[in-house]
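Notes for the one structure printed next.
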Amino acid sequence: MSQTAYRTHHATDVTEDLVGQRVKLSGWVDRRRDHGGVAFIDLRDSSGVVQVVINDEEMARPLRSEFVVELEGTVRMRPEGNENPHMRTGKVEVEVESLDVLAKSDALPFQVSTVLANETEGKLPGEDVRLKYRYLDLRRPSMARNIKLRSDMMKAARTVLDEMGFTEVETPTMIKSTPEGARDFVVPARLVPGSWYALPQSPQLLKQLLMVAGVERYYQFARCYRDEDFRADRQPEFTQLDMEMAFVDQEDVMAMTERLIQAIWKAAGHDVQLPLPRITWQDAMDKYGSDKPDLRFGNPLVELTDYFKNTPFRVFQAPYVGAVLFKGGAATPRRQFDAWQDWAKQRGAKGLAYIVFGENGEIKGPVAKNISEEERNGLKAAVGAEDGDAVFFAAGAREASQMLLGAVRVELADRAGLLKPDDFAFTWVVDFPLFKKADDPDDDDVAVGHSKWTSMHHPFTMPSKDWLDTFDQDPEHAMSDSYDIVCNGNEMGGGSVRIHRDDIQDRVLEVLGIDEAEAQDKFGFLLEAFKYGAPPHAGIALGWDRTAAILSGSDSIRDVIAFPKAGGGRDPLTGAPAPISDEQRAETGVDYDPEDDE
Ligand code: ASP
């Protein structure tokens, strides 16, 4: 499909097979080198790069980086010794006979050349500059690869979902609010002054309506919008691969998702062995101090609450005491242990107690003196340490302490170089609580409802079978039929079995403190739909940006989004968000006050 008015081939079509043939190519001047009257140009297009040779000085003289050219020439083998084994087109070159400059380029704000970009990847300008000139940033090969990979992933997903009987349905993005635990972005409705649409936080309610509508298997690459405070690596608008199925249970959704993941990874040349492992939410917290454990490495947390139950050390007289092993940590200089204290404080902890197991069974470190002789003797065995290791402790409230140790565990692995981006360790996390405390200061989700409880997932999540009768009597311990898919310590997606019975939905809403009137106002349309024969249904959504970032080995989701927002939701390229004119304010009715009508 290369052939157009401007070319007979793409750059990387030009290989030994075409030697002796005349070709017409178009693209950008990636790089130019001059050798005794001969100019060598790397010509780049969306496929990659091919070397072209210009013997005519007049023809070559005007060419600069990123000029757009169309040329014709003959393919020939490169002279011996000039091959480049790292390039697909490295054995050949095109001897140019005619050339047209289609567009010039100003001097660039930063280097984008395929070859040079690889050498200068570390010297990229700041992100605001990259985003302001995103169309140049996207010319860099690593970015171009990400954009292409994202497209390949979408294609693989669509193919396998189609094979599994899914129908792609688009749902509107100007809707009534869907509660997913964030603030809504809103759009003024000019035709109904004083009224607003919400942009969807997810198509959750709409996909449930599709189940009532009999679609049975739905998917969509859905754009979602959540107005959250700035958090690293979040975008105010993002994409989900959103799915819902009728007449299925949790196992069915998980099996379908596994097949999907396998197909997506295959598109990038990776084999994923199924079934994927599973861990309960409680085990994930106990062993890894995280509800999205990174399983590329081991080193689970060790609980020592019992071990220290009679301790004389006040700090360890806590509801939870745990530890994480720092293999070989005894050799760490004191100032580095001090730096760990600062690291912990930055995360809101008071500090990070540690002990060092020196040679000959010696136990050192600031807290060593606080623990009894007996405790010291058994400690090495209790934490699985050897001489030469160190161990970090956390004591206090169970979850907070575990999360601190979980973060230490990952930080240690990172510093030891164990977090390889092309190792993919998946796990399902299952058996989540149904509710969580609404006033948790560490949780910046917006509580749904007005009670002391809010939904762990969302208000439409089914309590697990064992809790169907009692979840509202014991919201603290009630469990749900929900599941997250995790890869390399990232939550790639999550979903749940939904409530399709209005009596259960009513009881959940009651726990959340959402009364009848509010429920009617917010999602009465869904509750009404459930009166007309709602099938049992369940679903899941994959965070598509995150999935692409993991698979491409990108550090940030911004690297897999063509035009992402910078910090604070700004777009340095177009200047959004921007003030609107007085006329537009009046027209859209954003300042409308019903009292003015009276
Ligand atoms: N709507 C959910 C979310 O955005 C996903 C799901 O339950 O399917 O997290």
Side-chain angles (χ1 to χ4, degrees), residues 179-181 204 208 249-251 253-254 278-293 301 303 305-306 309 318-322 396-403 406 428-484 491 494-519 522-523 526-527 530 534 536-540:
E180 291 276 5
Q204 184 62 37
Q208 292 192 242
D249 65 7
Q250 173 163 332
E251 291 299 324
V253 177
M254 289 166 84
R278 297 178 183 197
I279 185 169
T280 65
W281 177 82
Q282 193 61 59
D283 274 356
M285 292 302 294
D286 290 347
K287 286 198 183 142
Y288 304 108
S290 170
D291 56 4
K292 38 182 194 294
L301 316 188
E303 175 156 5
T305 318
D306 260 2
K309 66 175 182 288
Y320 172 89
V321 185
R398 170 170 282 270
E399 236 172 72
S401 307
Q402 286 178 333
M403 279 161 69
W428 285 103
V429 179
V430 294
D431 295 350
F432 280 86
L434 184 59
F435 302 109
K436 61 182 178 182
K437 294 220 169 70
D439 59 359
D440 181 350
D442 294 333
D443 183 358
D444 43 13
D445 282 356
V446 178
V448 209
H450 316 280
S451 78
K452 103 189 227 222
W453 301 106
T454 185
S455 294
M456 185 92 168
H457 187 211
H458 51 54
F460 314 103
T461 297
M462 187 71 112
S464 59
K465 285 203 178 58
D466 307 346
W467 284 92
L468 272 184
D469 294 334
T470 50
F471 69 85
D472 35 358
Q473 289 149 35
D474 186 6
E476 184 173 358
H477 297 108
M479 303 298 285
S480 67
D481 273 355
S482 54
Y483 31 83
D484 275 357
E491 183 190 330
S496 56
V497 176
R498 322 300 183 186
I499 299 169
H500 68 285
R501 272 174 40 192
D502 50 5
D503 56 324
I504 302 174
Q505 187 70 68
D506 288 349
R507 286 164 56 211
V508 166
L509 293 177
E510 198 175 324
V511 175
L512 296 174
I514 299 178
D515 65 20
E516 171 79 30
E518 186 182 353
K522 287 195 166 145
F523 31 81
L526 180 72
L527 303 178
F530 282 172
H537 57 288
I540 188 165

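What you see is a predicted model; the values in this text were computed from it and never measured. Values below: all heavy atoms of this structure, side chains included; hydrogens, waters and symmetry mates excluded.
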Note, [X] side chain near [Y] side chain (heavy atom, < 4.5 Å):
X: Gln208; Y: Phe530; answer: yes
X: Met285; Y: Met403; answer: yes
X: Ile504; Y: Phe471; answer: yes

Would you compute the distance between atom [atom1] of [X] and atom [atom2] of [Y] and round it to the nearest 0.5 angstrom?
X: Trp281; Y: Ile279; atom1: CH2; atom2: CD1; result: 12.0 Å
X: Lys436; Y: Trp453; atom1: NZ; atom2: CH2; result: 12.0 Å
X: His537; Y: Met462; atom1: NE2; atom2: CE; result: 9.0 Å
X: Asp506; Y: Ile514; atom1: CG; atom2: CD1; result: 11.5 Å
X: Asp484; Y: Phe432; atom1: CG; atom2: CZ; result: 3.5 Å

Quiz prompt | With sequence neighbours excluded, residues passing salt bridge (charged side-chain N to carboxylate O under 4.0 Å, His left out) with Glu518 | solution =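 Partners of Glu518 by the salt bridge (charged side-chain N to carboxylate O under 4.0 Å, His left out) criterion, ordered by chain and then number, come out as Lys522.
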Sequence neighbours excluded, which residues qualify as side chain to side chain contact (heavy atoms under 4.5 Å, CB included) partners of [X]?
X: Ser496; answer: His457, His458, Thr461, Ser482, Arg498
X: Ser455; answer: Pro459, Leu512
X: Met479; answer: Asp431, Ser464, Trp467
X: Gln473; answer: Thr470

Shortest non-hydrogen contact from [X] to [Y]?
X: Pro319; Y: Thr305; result: O-CG2, 3.3 Å
X: Pro293; Y: Val429; result: CD-CG2, 4.0 Å
X: Gly396; Y: Ala318; result: N-CB, 3.5 Å
X: Ala519; Y: Leu527; result: CB-CD1, 4.0 Å
X: Ala538; Y: Tyr483; result: CB-OH, 3.9 Å

Quiz item: Among Pro463, Pro475, Ser451, whose side-chain contact (heavy atoms from CB on, under 4.5 Å) with Phe435 holds?
Solution: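 Filter result, single survivor: Pro475.
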Quiz item: Phe523: what forms a ring pair (Phe, Tyr, Trp, His ring centres under 6.0 Å) with it, not counting sequence neighbours?
Solution: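 Residues passing ring pair (Phe, Tyr, Trp, His ring centres under 6.0 Å) with Phe523: Phe460.
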Practice problem: Applying side chain to side chain donor-acceptor pair (under 3.5 Å), name anything that partners Thr280, two or more places apart in sequence or on another chain. | Solution: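 Counting only residues at least two positions away or on another chain, Thr280 forms no side chain to side chain donor-acceptor pair (under 3.5 Å).
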Practice problem: Quick one: list whatever passes side chain to side chain donor-acceptor pair (under 3.5 Å) with Asp306, sequence neighbours left out. | Solution: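 If we apply the side chain to side chain donor-acceptor pair (under 3.5 Å) test to Asp306, skipping adjacent residues, there are no hits.
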Please collect all salt bridge (Lys or Arg N to Asp or Glu O under 4.0 Å) contacts where either partner lies in [range], sequence neighbours excluded, each pair once.
range: residues 282-293; value: Asp286-Arg398
range: residues 456-469; value: none
range: residues 507-516; value: Asp472-Arg507

